[in-house]
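Everything on this sheet refers to the single structure shown next.
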Amino acid sequence: MEGGDARRWLPKVDALLGAPEFAFLLEAYPRARVVEALRVVLAEARSRGGEPGGAGAAGTTDPAGAGEWARRVQERLQEADRPSLRPVLNATGVLLHTNLGRAPLSRAAQEAMYRAARGYSNLEFDLEAGERGRRYVHCVGLLRELTGAPDALVVNNNAAAVLLALHTLAEGREVLVSRGELVEIGGGFRIPEILARSGAVLREVGTTNRTRLGDYRRALRPGVTAAILKVHRSNFRITGFTEEASLPELAALARETGIFLLHDLGSGLFAPPQVLGLPPEPRATESLQQGVHAVAVSGDKLLGGPQAGILLGEAEVIGRMRENPLCRALRVDKVTLAGLEATLRHYLDPEEALREVPVLRMLRVPLGELESRARQVAVGLDGTAWEARLAPGIAAVGGGTYPGVEIPSWTVRLRHSGFPAHEAARRLRTGEPPVVGRVEEGELVLDLRSVDPEEVPVLVARLREVGGDGG
Ligand SMILES: *Cc1c(COP(=O)(O)O)cnc(C)c1O
């Protein structure tokens with residue numbers, strides 16, 4: 001049996017460790033890790049029948065053989081040291097890709113987060129008074145200034161914001177929600193479930209396609225109903241024979257009957273939609289002007305900041321949420337607060353926000369520039385086994401916002417002479433940095449709207465690495 005013979009040719013652990021080829025490994029890593037990795041590599045070779053072919057004959061340290069074993073051990077150690085969470089090149093054209101970490105952050109936000117991470121900060125310390133302060137003061141001034149809200153509270157994410165709002169204002173009592181708004185938003189955020197967890201009782205009103213003011217009025221019971229929750233249908237659209245009660249109508253009803261009107265808005269767009277080429281969408285400012293008591297938005301959707309949930313609203317209402325013990329369990333950390341503050345600061349100058357906040361910038365890149373990025377990729381693949389063609393494409397905002405809104409883009413569509421598109425996609429994903437594209441009709445499609453200009457050479461290098469040279 002060939003395998004049986006070959007196994008005897010495997011070198012011994014001690015002999016290899018003593019070989020000069022292993023010296024650099026023993027210098028770079030603790031001895032125990034090298035030994036462990038070598039054992040694993042040898043065990044793998046044993047189970048396959050003794051490769052690398054004849055190296056280290058009869059337990060000696062044949063120089064070439066030791067070099068090959070060292071290379072394998074090094075590979076194994078490097079792989080083990082690779083972080084689980086690492087940067088990815090997003091070539092999907094989905095700008096706020098929830099699976100890829102949603103919004104990339106501005107340079108200023110990155111730097112602010114780095115500064116907050118590397119040392120101590122006045123997170124909960126009042127520097128003026130020299131005594132204990134509150135983490136919830138940070139960002140509040142900026143949020144008030146930017147949205148006109150009397151008060152603001154930042155928590156872990158928008159789901160937490162909605163949970164906190166409902167728990168604070170409606171625990172043990174009823175909340176009216178239109179049947180057309182009992183939605184699920186990416187990653188298991190379901191309005192009926194979050195409502196149940198908050199301790200509030202869901203009272204469905206209206207129908208899927210039509211809910212009128214009268215439906216709310218009929219369901220409303222003094223002393224039993226605590227609030228109306230209006231949910232922005234951020235990730236789908238209802239068209240056709242539809243009707244919904246407007247915010248001003250609901251606000252008037254809520255105030256007349258002494259209950260609260262809460263608005264789960266989601267997207268957190270602070271910039272005017274028209275300058276981004278997006279259809280009109282309600283923003284927190286408008287929602288507040290129309291009379292809601294509190295509105296909740298995400299920090300890492302179209303606001304373009306770190307993951308956070310932002311509650312904006314009346315001082316009395318936000319104050320109660322801040323005092324709720326549950327707030328402690330949903331609290332935001334210092335690194336996030338630093339990134340959010342830097343992101344918000346961009347919006348003080350609307351031009352600066354469009355320039356510096358990556359999501360806003362990517363939305364506005366002219367088509368001609370995307371085409372030239374695509375061409376740069378195709379040209380970079382000349383003389384390889386890739387066949388590349390440019391084609392217009394459709395990018396998306398993503399992150400459960402702007403459903404059905406098609407953002408024009410440019411793509412590179414690739415075929416490889418040696419393997420099918422899904423294999424090409426796999427190889428791109430599993431290298432360094434991982435590149436994520438999509439496969440369509442037997443082609444690997446890379447959309448340039450979500451690719452930064454500095455990433456284009458990296459993309460080309462990865463494609464060349466995966467595709468090999470020459471046809
Ligand atoms: C995205 C979204 C949420 C969830 O926000 P997270 O920040 O992901 O927790 C809740 N409600 C609406 C309307 C949303 O669009």
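What you see is a predicted model, and the numbers here were worked out from it, not measured in a lab. Read the numbers this way: they start at 1 and go in the same order the structure lists the ligands and their atoms.
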Do Asn324 and His167 pair up side chain to side chain, a donor and an acceptor below 3.5 Å, judged on atom types alone? yes
Are Glu443 and Arg389 ion-paired here, with the side-chain N under 4.0 Å from a carboxylate O? yes
List of N/O pairs, ligand 1 versus protein, all under 3.5 Å?
unit_1, atom_1, unit_2, atom_2, d
ligand 1, 5 (O), Ser298, OG, 3.2
ligand 1, 7 (O), Asn158, N, 3.0
ligand 1, 7 (O), Ser298, OG, 2.7
ligand 1, 8 (O), Arg102, NH1, 3.0
ligand 1, 8 (O), Arg102, NH2, 2.8
ligand 1, 9 (O), Asn157, ND2, 3.3
ligand 1, 9 (O), Asn158, N, 3.3
ligand 1, 9 (O), Ala159, N, 2.9
ligand 1, 11 (N), Asn158, ND2, 3.3
ligand 1, 11 (N), Asp264, OD1, 3.0
ligand 1, 11 (N), Asp264, OD2, 2.7
ligand 1, 15 (O), Ser234, OG, 2.6
ligand 1, 15 (O), Lys301, NZ, 2.7

Salt-bridge present (Asp215, Arg210; N to O < 4.0 Å): no
Atom CD of Glu79 and atom CG of Leu77: how far apart are they, to the nearest 0.5 Å? 10.0 Å
Would you say Glu281 and Ser267 are linked by a side-chain donor-acceptor pair, where the criterion is simply a distance under 3.5 Å? yes
Only one of Thr411, Leu414, Val435 passes side chain to side chain contact (heavy atoms under 4.5 Å, CB included) with Leu444; say which it is. Leu414
